[in-house]
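Let me begin by presenting the structure, written as structure tokens, before commenting on it.
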Amino acid sequence: MQITWTSSDHTAVHIYPLYQDQAFIYPIREAYRKAGQSVWFRSRSDEDKDVFVVGLGDRGKASLEAIRRAGGLSARNIQKEGFSDACLIREVASNKSNSDVKDCEWLQAWIEGWLLGLYGFHKYRTASQPPKEVTLRIRPEDWPKITDLEIQQVIRTAEIRATGTMLTRDMVNETPDYLHPGRMVEWMVEHFKDTPVKVTIYTGAELEERQMNGLLKVGAGSVHPPAMIELRYEGDASLPLISLVGKGITFDMGGMNVKSGKDISDARMDMGGAAAVAGAMDILVSQRAKVNVVGLIAVAENVPDAHAMLPSSIVSFPNGLTVQAANTDAEGRLVLADSLLHAAALGAEEAVEIATLTGNVGQALGLGIAGIWGDEDMTERLVSIGERNGERLWPMPLMDEYESELHSDYADLSNIGSSSLAGAITAALFIRKFVTEPMKWVHIDMAGTVQYKGDAGFSASGATGYGARLLADYVTSRNEL
Ligand code: BES
Ligand code: MN
Ligand code: ZN
């Protein structure tokens, strides 16, 4: 990751981010100034620079996300052309203030987007060379209000946030035969080894002692035993404990209710919530944030086998509830039940629980925005952080009237709703049953936002890294209340 703060400019490319109202060195079509648009102006001699223009749209409406995406789009386009560096140009003379966005925030968003734009998952491509790194130069004279000290901070913060997000992406993109439950455990132990994060793993008898029966039953068909991973970071132990709870199904084959389909590769991304929690913990610890947080990751592989849980089996939980697993493909809520009971047992004041829980959330909201249920204050803050970060969330209702759909003839609850409607809501209602008072709770269903289904322009297709910055920012924002 190369970002340099220097006046000397030997780069072959100049990048001009353009607002709608901004002056430019060449005549240019209005269309190229729109957010998400870009155009090259090629140099006609070796002394000249190639110019890359990226639109930012209306200055008044421009969000940090528009800047981040413009940074990503520029990085990817410049990288694609094989350039090894480029210089960001801000036309100070013509530049009015960047609306409400302060210079430091503007640059941090740009760099964050730049680094995320350059991300690619190249581990398994052996026939082609991975693309080259591209160094970004920023000229101090363009940013007279930013001191050398401030820019160091801006670069460092952007790098930490991008690194955490890319960690989440790497985990989500990984193959399930590599990143199986055992590897996930190893990975966490290894990753947080020399950091202040204390890693505790519960497996086998430890799960049985704690009656984490959701995990035990869901993981029963796999050769890789399930585990509960606890990541404890006490940046300030005097603060109330916040828990981040992630679903970590390393492959969701559906269990005995086996999934079918031509290409079910996406079932490896069913640990997107777990990866978001890991990425958030990475960001928090890299920042040495003054927070008190525990990450809880329920990890299992949901596959059929002679030992796998049979549909209709009863799973009992230590809060006294029994659940009939009518469909073994509704496994996420079972492992999340264990996790939320554990969060309350640890004394967490709040739980932010995040999961690729239902296909239905995509039906309701599409793939650009996740659903959020639960505590109103927490929801409000998460929605506003998400809006700022480009990790969007939409508040969804906990419809008490639908709870009867979770009725079972044999147990206290069924793990699926009786109707075919509102599956994302009934899933949230199910999980609510495992939230112990007085712990506050929100549930985020990120099944739709876990991946870009195609090349997003500003980012490679594949894992989005959704949730890493969102959860980290939520935890640090508690200190500003
Ligand atoms: N992990 C899936 C949800 C999912 C589906 C995530 C598609 C991403 C893309 C979850 O475990 C699941 O299988 N849910 C079922 C629930 C049903 C059996 C009640 C679903 O959504 O169909
Ligand atoms: Mn499933
Ligand atoms: Zn699943």
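Side-chain atoms are counted along with the backbone in the values below, which use heavy atoms only and exclude waters and symmetry mates. Just so you know, ligand 1 is whichever comes first in the structure, and atom 1 is the first atom listed for that ligand. Remember, it's a predicted structure, so these values are computed and weren't measured experimentally.
- In this structure, R169 forms a cation-pi arrangement with Y119, its terminal cationic atom sitting closer than 6.0 Å to the ring centre and no more than 45° off the ring axis.
- Residue-to-ligand polar distances keep N360 apart from ligand 1: every N/O pair is separated by 3.5 Å or more.
- In this structure, of T358, L357, V361, the residue bringing a heavy atom nearest to atom 10 (C) of ligand 1 is L357.
- Between H342 and E230, the side chains place a donor N or O and an acceptor N or O closer than 3.5 Å (distance only, hydrogens not considered).
- A side-chain donor from one of S419 and E405 sits under 3.5 Å from a side-chain acceptor of the other.
- Atom OE1 is the N/O/S atom of E331 found closest to the Mn ion (ligand 2).
- Side-chain contact of E174 with Y124: a donor-acceptor pair under 3.5 Å is present, judged by distance alone.
- Of all atoms in ligand 1, listed by their number and element, those nearer than 4.0 Å to a heavy atom of I416 are 19 (C).
- Under the 4.0 angstrom criterion, atom 21 (O) of ligand 1 counts as having a protein heavy-atom contact.
- Geometrically, ligand 1 and K259 share a nitrogen or oxygen pair separated by less than 3.5 Å.
- Using a cut-off of 4.0 Å between Lys/Arg side-chain N and Asp/Glu carboxylate O, E105 and R388 are scored as salt-bridged.
- Counting heavy atoms under 4.0 Å from ligand 1, residue D329 touches it through both backbone and side chain.
- Distances from the Zn ion (ligand 3) to the N/O/S atoms of D270 are shortest for OD2.
- Inclusion of A355 in the first shell of the Zn ion (ligand 3) is not supported: no N, O or S atom falls under 2.8 Å.
- Taking the six-membered ring where the residue is Trp, H180 and H224 present parallel rings, their angle staying beneath 30° rather than reaching 60°.
- Less than 4.0 angstrom separates some heavy atom of E331 from each of these atoms of ligand 1: 11 (O).
- The closest approach between any non-hydrogen atom of D266 and ligand 1 is not below 4.0 Å.
- D252 has its closest N, O or S atom to the Zn ion (ligand 3) at the position named OD2.
- Atoms of ligand 1 lying under 4.0 Å from at least one heavy atom of A447, given by number and element, are 6 (C), 8 (C).
- One finds a salt bridge joining R76 and D455 here, because a Lys/Arg side-chain nitrogen approaches an Asp/Glu carboxylate oxygen to under 4.0 Å.
- At a threshold of 4.0 Å, the pair R69-E65 counts as salt-bridged, since one of the basic side-chain nitrogens sits closer than that to a carboxylate oxygen.
- With 2.8 Å as the limit, D270 does not count as an N, O or S neighbour of the Mn ion (ligand 2).
- Looking only at N/O/S atoms, D252 comes nearest to the Mn ion (ligand 2) through OD2.
- Residue E331: an N/O/S atom is found under 2.8 Å from the Zn ion (ligand 3).
- T356 pairs with exactly one of T449, D270, D252 by the side-chain hydrogen bond (donor to acceptor under 3.5 Å, both in side chains) rule, that one being D270.
- With hydrogens and angles disregarded, no donor-acceptor distance shorter than 3.5 Å links the side chain of R469 to the backbone of A280.
- Selection from M269, K247, R333, Q451 by nearest heavy atom to atom 16 (C) of ligand 1 gives R333.
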